[in-house]
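Because the structure is a prediction, the values reported are computed rather than measured. Computed over heavy atoms, backbone and side chain alike; hydrogens, waters and symmetry mates excluded.
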Amino acid sequence: MGPTGCGKSGLALGLAQDFPASGGRPVCVINADSRQVYRDFPLITAQPDASEQNVCPHHLYGFLPSESKMSAGNYAVMAAEVIARSHAQGFLPILVGGTGLYIKSLLEGIAPIPPVEAAISRRWQERADAEGAPALHRLLSEHDPLYAAKIHPNDRQRVTRALEVLEGTGKAFSWWHAQTAGSCPYDVLKIGVGLPLEELTPLLGARIDKMLARGALEEASVARELCGDAKAPGWSGIGCAELYQYLAGEISLDECRELWLNHTRAYAKRQLTWFKGQETLEWVRPDAGPLVKLVPGLEKYLVN
RNA sequence: GGUGGGGUUCCCGAGUGGCCAAAGGGAACAGACUGUAAAUCUGUCGUCUGACGACUUCGGUGGUUCAAAUCCACCCCCCACCA
């Protein structure tokens, strides 16, 4: 795991290539990125391309249409299934991605909250539109003071989520949180791949230019024909959203590129903050050499 | 050369006598994070100070005023149009 664009996939691929060849355990790659699941944006979300995916089995990439929603809970279930299957087939699964919450849900569990009826969610969204998040936060304080105290009144997304869960399940969000399993069922080695932001930023810019050169615009306009709703889940990815604005004639290509880079950088920073707060990761630089050499304890997973 | 518009804090940009260290946005920095997470949200953001507060800013210089980013004069730059 690590911030976007720092070379996680490449390192994983390196493992997949080198080890089985020298008689080690076969390796497979499992996506842990909330955007790379989307079918319509393989390039813009930097999914491994066909030749890369040929190196070893890849799972959970590019299977979801733009209008479909993904979620941490969903992901945890799907990834757990893939891991079980991979183990059964003798593969060593390598999780690659930068979506901290997804990885956390998979490894540490997530509250077993049943799905909430769409109509209920919609109603809270409408109330948030009409009354504003702080008003709903006050309401939440009356029913779930514990959780309300943890979030900011302006945090509409969390306020409405807590309220819809409360209404949909009859239990407070904080009660559900207490039901989280919490222990990790896997023997995991966590590797953080990263660079300081100052070093990462120019790489992110270069990566955007490369995406544009390889047809990001075409990808976005095809995606727009398949799903023209800018609010659809698939369109919320960085790059996707900005290209949509460009295609809609709202901004110039230069502005698009600039926004795209700014947003990507800000995102990388958020990821860094998240991973900083997580328990110990083995941090490596992507350019420091093959992973096995850098991470003590990795080798034992790779041999048979 | 003439006419009109303009020069504001890192950037964009509001502000036309006191309530202005100066709205708002962006960037930056720090942070939060349990089914939207490439999302959502928070704090800081002229200098010094732990804080009260003090000090220096709105192209330049000089003036008017108890008080100027805001008014006046001259000057310097930019843009548009006319020549």
Write down the partner of B:U34 under the Watson-Crick or G-U wobble criteria, each distance required to be under 3.5 Å. none
Dump every N/O contact between nucleotides 24-28 of chain B and the protein below 3.5 Å, one line per pair.
| from | atom 1 | to | atom 2 | distance (Å) |
| --- | --- | --- | --- | --- |
| B:A28 | OP1 | A:R265 | NE | 2.5 |

Side chain of A:S34 (C-beta onward), nearest among B:A37, B:G35, B:U42: B:A37
Answer yes or no: does atom CD of A:E117 have more than 12 heavy-atom neighbours from other residues, nucleotides or ligands under 6.0 Å? no
Send over the distance from A:F173 CZ to B:U40 P, rounded to a whole Å. 17 Å
Donor-acceptor pair, A:T201 side chain versus A:E198 backbone, under 3.5 Å? no
Would you find a donor on one side and an acceptor on the other, under 3.5 Å apart, between the side chain of A:Y38 and the backbone of A:S68? yes
B:G17 and B:C71, which share atom name P, separated by this distance in whole Å: 8 Å
Mate of B:G24 where both pairing distances stay under 3.5 Å, Watson-Crick or G-U: B:C12
For the side chain of A:E242 and the backbone of A:C256, is there at least one donor-acceptor N/O pair under 3.5 Å apart? no
Watson-Crick or G-U wobble partner for B:A69, using a 3.5 Å limit on both distances? none
Do side-chain atoms of A:D229 reach the backbone of A:E67 as a donor and acceptor pair under 3.5 angstrom? no
May I ask you to decide if A:F41's main-chain N or O and A:T45's side chain share a donor-acceptor pair within less than 3.5 Å? yes
Do the side chain of A:R156 and the base of B:U40 come within less than 3.5 angstrom through a donor-acceptor pair of N or O atoms? no
Hey, could you give me the CZ/CG distance between A:F173 and A:L140, rounded to the nearest 0.5 Å? 9.5 Å
Return the value, rounded to whole Å, for the distance between atom CD1 of A:I151 and atom P of B:U40. 15 Å
Nucleotide B:A39, atom P - distance to CG of A:D33 in whole Å: 11 Å
Taking the side chain of A:Q36 as heavy atoms from C-beta outward, which of B:U36, B:A38, B:A37 is closest to it? B:A38
Report the nucleotide, chosen from B:U40, B:C33, B:U34, that has the shortest atom-to-atom distance to any side-chain atom of A:W274. B:C33
Distance in angstrom units between A:K276 NZ and B:A32 C1', rounded: 12 Å
How many whole angstroms separate atom CE of A:M70 from atom C1' of B:U40? 19 Å
Charged N-O contact under 4.0 Å between A:R156 and A:D129: yes
Kindly indicate whether the side chain of A:T180 and the base of B:U34 share any N or O donor-acceptor pair separated by less than 3.5 Å? yes
Which whole number of Å gives the distance between the P atom of B:G62 and that of B:C58? 12 Å
Mind checking the P distance from B:A37 to B:C48? Whole angstroms is fine. 41 Å
Atom CZ of A:R270 to atom P of B:U40: distance rounded to whole Å? 8 Å
Ignoring hydrogens and geometry, is there a side-chain-to-backbone donor-acceptor pair from A:K8 to A:V193 under 3.5 Å? no
Residue whose closest nucleotide on RNA chain B lies nearer the 5' end, A:Y267 versus A:G73: A:G73
Remember a base hit wins even if backbone is also touched, and classify A:A111 as base, sugar-phosphate or nothing at under 4.0 Å, heavy atoms. base
Which value, in whole Å, describes the distance between the P atoms of nucleotides B:C10 and B:G59? 13 Å
Classify the nucleic acid contact of A:Y75 as base, sugar-phosphate or nothing, counting any heavy atom under 4.0 Å across all strands shown. nothing
Is A:T99 touching bases, backbone alone, or none of the nucleic acid, heavy atoms closer than 4.0 Å? sugar-phosphate
Rounding to a whole Å, what distance do you find between A:Q271:CD and B:A39:C1'? 12 Å
Classify A:Y147 by what it touches in the nucleic acid, base, sugar-phosphate, or nothing, heavy-atom distance under 4.0 Å. sugar-phosphate
If you draw a 6.0 Å radius around CD in A:E225, do more than 12 non-hydrogen atoms from other residues or ligands fall strictly inside? no
When rounded to the nearest Å, what value does the distance between C1' atoms of B:G13 and B:C81 take? 25 Å
Base of B:G35 relative to its sugar, syn (within 90° of 0) or anti? syn
Counting any heavy atom closer than 4.0 Å, what does A:H152 reach on the DNA or RNA strands: base, sugar-phosphate only, or nothing? sugar-phosphate
Could you give the distance separating B:C20 and B:U8 at their C1' atoms, to the nearest angstrom? 12 Å
Of all of residues 206-239 of chain A, which get a heavy atom below 4.0 angstrom from RNA chain B, listed by number? A:S236, A:G237, A:I238
Apply side chain to side chain donor-acceptor pair (under 3.5 Å) to A:D33 and list each qualifying residue two or more places apart in sequence or on a separate chain. none
Pairing partner of B:C81 (Watson-Crick or G-U wobble, both distances under 3.5 Å): B:G2
Quote, to the nearest angstrom, the C1' distance that separates B:G15 from B:G2. 31 Å
Between B:A23 and B:U9, how far is it from one C1' atom to the other, in whole Å? 13 Å
Strictly by Watson-Crick or wobble contacts shorter than 3.5 Å, is anything paired with B:C52, and which nucleotide is it? none
So if I apply the side-chain contact (heavy atoms from CB on, under 4.5 Å) rule between A:I191 and each of A:L95, A:L291, A:V96, which one comes out positive? A:L291
Have a look at A:T45 and say if it touches a base, only the backbone sugar-phosphate, or nothing, with a 4.0 Å heavy-atom cut-off. base
Check every strand shown and say whether A:Q125 touches a base, only sugar-phosphate, or nothing at a heavy-atom separation below 4.0 Å. base
Report yes if some heavy atom in the side chain of A:D49 is under 4.5 Å from a heavy atom in the side chain of A:P42; otherwise report no. no
Length of the line joining A:Q278:CD and B:U34:P, which is rounded to integer Å: 12 Å
